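Lettering follows sequence order; numbering is per chain, from 1. All values derive from a computational prediction rather than experimental measurement.
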Amino acid sequence: GAGVSQTPSNKVTEKGKYVELRCDPISGHTALYWYRQSLGQGPEFLIYFQGTGAADDSGLPNDRFFAVRPEGSVSTLKIQRTERGDSAVYLCASSLSFIDSPLHFGNGTRLTVT
Amino acid sequence: AQSVAQPEDQVNVAEGNPLTVKCTYSVSGNPYLFWYVQYPNRGLQFLLKYITGDNLVKGSYGFEAEFNKSQTSFHLKKPSALVSDSALYFCAVRDDNYGQNFVFGPGTRLSVLP
């Protein structure tokens with residue numbers, strides 16, 4: 001597969017539980033982004049990685065959200081003590097590191113907190 | 001900070017007619033502008049981009065967009081709409097004063113009627 005892969009495609013969890021969402025970017029893409037999309041809205045920026053480091057995490061809503069990219073490839077978005085308001089589609093995208101490079105998106109993980 | 005507006009939630013056109021989906025933006029530096037399309041239960045797909053040069057850019061599936069600096073607009077167009085063009089369309093901007101973050105508009109739902 002040459003595209004961005006996100007797993008799982010769907011995740012249902014109970015309020016208060018911990019979840020991990022995984023993103024496998026396109027090979028060779030050093031930039032990786034996480035967005036959150038609620039129904040009827042545009043993607044909302046969460047965090048951006050350049051290589052292994054988080055270059056901009058200003059979009060993370062609070063300290064329950066955390067993301068890592070330890071080897072500069074696969075990334076995991078972690079949400080602690082989930083709340084019903086966290087329910088959304090979480091999108092991952094990757095790109096080359098040029099300012100005119102477009103984002104390439106995965107199909108997203110639909111998270112439902114009951 | 002950069003921002004994007006898509007003034008129409010919904011656009012309806014008849015098949016074979018020209019279509020326009022509107023986008024306006026606000027940046028402090030130079031804008032890098034992008035259009036994406038989203039089909040149901042899928043991630044966003046890149047359509048086209050404006051970086052510099054010719055104000056009319058051509059992209060995938062017969063779409064084009066016109067950059068207008070004085071009006072800070074980047075409207076998406078297609079001369080003859082197809083029913084298969086029905087989808088959600090997002091405009092996005094990257095401001096070279098603010099690094100690598102992309103900001104997306106709220107989206108416009110395009111319905112092409114047979």
Side-chain angles (χ1 to χ4, degrees), chain A residues 1-10 21 23-26 29-51 53-60 88-110 112, chain B residues 1-10 21 23-25 27 29-53 57 59-60 63 65 67 74 87-109:
Chain A
V4 176
S5 175
Q6 289 188 249
T7 54
S9 55
N10 281 284
L21 312 180
C23 173
D24 201 339
I26 292 172
H29 282 189
T30 55
L32 185 145
Y33 298 72
W34 285 98
Y35 283 82
R36 178 168 69 175
Q37 186 177 24
S38 299
L39 194 62
Q41 298 184 19
E44 171 194 8
F45 172 75
L46 295 177
I47 186 169
Y48 152 64
F49 287 89
Q50 182 60 251
D56 183 352
D57 65 357
S58 62
L60 295 177
V89 176
Y90 289 81
L91 296 170
C92 177
S94 68
S95 77
L96 298 171
S97 295
F98 306 109
I99 197 162
D100 64 342
S101 298
L103 298 179
H104 298 265
F105 283 86
N107 286 338
T109 294
R110 182 176 299 278
T112 304
Chain B
Q2 63 269 47
S3 66
V4 177
Q6 294 181 242
E8 301 156 318
D9 292 336
Q10 173 97 27
V21 182
C23 170
T24 59
Y25 65 90
V27 296
N30 293 313
Y32 296 83
L33 295 152
F34 301 78
W35 274 102
Y36 288 82
V37 59
Q38 187 176 34
Y39 297 100
N41 300 313
R42 301 296 299 273
L44 281 69
Q45 297 177 30
F46 169 68
L47 275 179
L48 51 76
K49 66 180 179 182
Y50 172 82
I51 305 302
T52 187
V57 294
S60 307
F63 283 94
F67 171 67
F74 188 56
L88 202 51
Y89 289 81
F90 293 97
C91 183
V93 68
R94 181 182 252 178
D95 182 343
D96 70 355
N97 274 357
Y98 283 92
Q100 301 279 50
N101 186 13
F102 286 78
V103 172
F104 285 82
T108 298
R109 183 167 299 283

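Contacts of A:Gln6 with chain B are absent, with no heavy-atom separation under 4.5 Å from either backbone or side chain. Heavy atoms closer than 4.5 Å to chain A are found in the side chain of B:Phe90, but not in its backbone. With a threshold of 4.5 angstrom between heavy atoms, A:Gln50 approaches chain B through side-chain atoms but not through N, CA, C or O. Heavy-atom distances place the backbone of A:Ser101, and not its side chain, under 4.5 Å from chain B. Using a 4.5 Å cut-off between heavy atoms, B:Ile51 contacts chain A through its side chain alone, with no backbone atom that close. Neither the backbone nor the side chain of B:Gln6 comes within contact range of chain A; no heavy atoms are under 4.5 Å apart.
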Might you work through the side-chain contact (heavy atoms from CB on, under 4.5 Å) test for A:Leu103 and B:Tyr36, ending with a clear yes or no? CA-CA 9 Å; A:Leu103 298 179; B:Tyr36 288 82; 3.5 Å; yes
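Residue B:Phe46 holds its CZ atom at 11.5 Å from OG of A:Ser95, rounded to the nearest 0.5 Å. Rounding to the nearest 0.5 Å places CG of B:Asn101 at 11.5 Å from CD1 of A:Ile47. Expressed to the nearest 0.5 Å, how far CG of B:Leu33 lies from CG of A:Asp100 amounts to 12.5 Å.
In this structure, B:Glu8 has no salt bridge (Lys or Arg N to Asp or Glu O under 4.0 Å) partners at least two apart in sequence or on a different chain. Applying the side chain to side chain contact (heavy atoms under 4.5 Å, CB included) criterion to A:Val89, with sequence neighbours excluded, gives A:Leu91, A:Arg110.
Of the residues considered (B:Ala92, B:Gly107, B:Gly43, B:Gly105), B:Gly43 shows the highest number of contacts with chain A, using heavy-atom pairs under 4.5 Å.
Looking at B:Gln45, B:Arg94, B:Lys49 one by one, the single match for side-chain contact (heavy atoms from CB on, under 4.5 Å) with A:Pro102 turns out to be B:Lys49.
Taking the six-membered ring for Trp and the full ring otherwise, A:Tyr35 and B:Phe104 have centroids separated by under 6.0 Å.
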